[in-house]
Amino acid sequence: MQEYLSCELCPRRCGADRTKTVGFCGQSDRIRIARAGLHKWEEPCISGERGSGTVFFSGCTLRCCFCQNYEISHQNKGYYVEVGELAEIFLRLQDDGAHNINLVSPTPFIPSIKKALDLAKPRLNIPIVCNCGGYERVETVKSLDGYVDVWLPDLKYFSPELSKKYSGAKDYFEAASAAIMQMQKQAGKPVFGEGGLLIRGVLVRHLLLPTLRKDSAKVVEFLGEHFSRDEILISVMSQYTPMYRAAEHPEICRKISTFEYNFVLKEAEKYGFEGFSQERGSAEEAYVPEFEGEKE
Ligand code: SF4
């Protein structure tokens with residue numbers, strides 16, 4: 001596919017010819033996934049009762065030192081599937097009762113995913129969720145207009161220094177904030193269907209990191225100043241657990257405190273956002289599913 005010859009799908013714009021090599025994200029032009037199944041650990045409006053039909057894609061455009069999915073994002077665990085097989089996976093998840101198709105970290109494979117969705121379209125009638133790190137190009141978001149119903153982006157940092165230090169992307173906020181504004185333009189206000197499931201809209205996730213509550217407050221302030229309370233949903237996530245290479249940064253090598261969590265929740269309340277916050281007690285451990293395939 002044309003887009004893989006000199007890849008500029010994400011803000012890295014590394015220009016790799018993915019038909020011959022891999023890009024910064026570690027991916028060639030072959031679709032690689034590490035798990036496809038019903039997933040019940042998203043927000044209730046995404047998971048519902050039966051679960052979200054989640055497909056985890058291998059590789060990542062970010063380098064978060066605390067990544068809980070590092071086996072697939074950084075160590076490239078997974079297996080290859082063809083476009084037709086991916087379409088079959090989407091339909092199988094729907095047949096299994098999935099409330100939606102949840103594409104996790106899909107950015108490096110978007111052209112192939114669109115082809116798979118085109119193939120599945122005649123039978124696929126559940127919403128498509130794009131579950132991403134927020135580090136996206138506006139052009140790539142635009143290319144998904146008509147394909148994605150629900151956007152589930154992270155907005156991790158405000159400060160370029162922090163995003164560089166912990167996720168290897170100095171331009172994270174600049175890219176993610178512009179991408180989220182485009183997502184909202186395309187999806188419009190949140191729309192809920194049967195059983196309180198989100199069928200259209202944008203749900204922005206923010207994972208609190210220890211010692212970074214003031215940066216979190218700036219993230220919330222940005223959302224509050226650029227969106228009215230009924231235009232987006234926000235989910236303040238408290239389940240940070242130091243994993244992978246978090247130990248290289250002692251200041252983030254602990255769970256967040258109740259004080260830090262309440263501090264950020266109060267900021268969100270100031271802007272009156274409708275959204276989700278997680279009970280501290282029930283979110284003590286990060287949930288990591290079993291991934292399939294080999295590391296490379
Ligand atoms: S998606 Fe991968 S190959 Fe494409 S620009 Fe981003 S890092 Fe490079």
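Remember, it's 1-based here, ligands and their atoms both numbered in the order they're listed.
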Should we count CD of E82 as having more than 12 external heavy atoms under 6.0 Å? no
So if I apply the side-chain hydrogen bond (donor to acceptor under 3.5 Å, both in side chains) rule between E42 and each of N102, T54, N100, which one comes out positive? N102
How about D118 and Y147: does a side-chain donor come under 3.5 Å of a side-chain acceptor? yes
Quick one: are I199 and P127 in side-chain contact, heavy atoms under 4.5 Å? yes
Is the shortest side-chain heavy-atom distance between P11 and T61 below 4.5 Å? no
Identified side chain to side chain contact (heavy atoms under 4.5 Å, CB included) counterpart of L9 within the set P106, C25, P111, C14: P111
What protein N, O or S atoms come within a distance below 2.8 Å of atom 4 (Fe) of ligand 1, ordered by chain and number? C7 SG
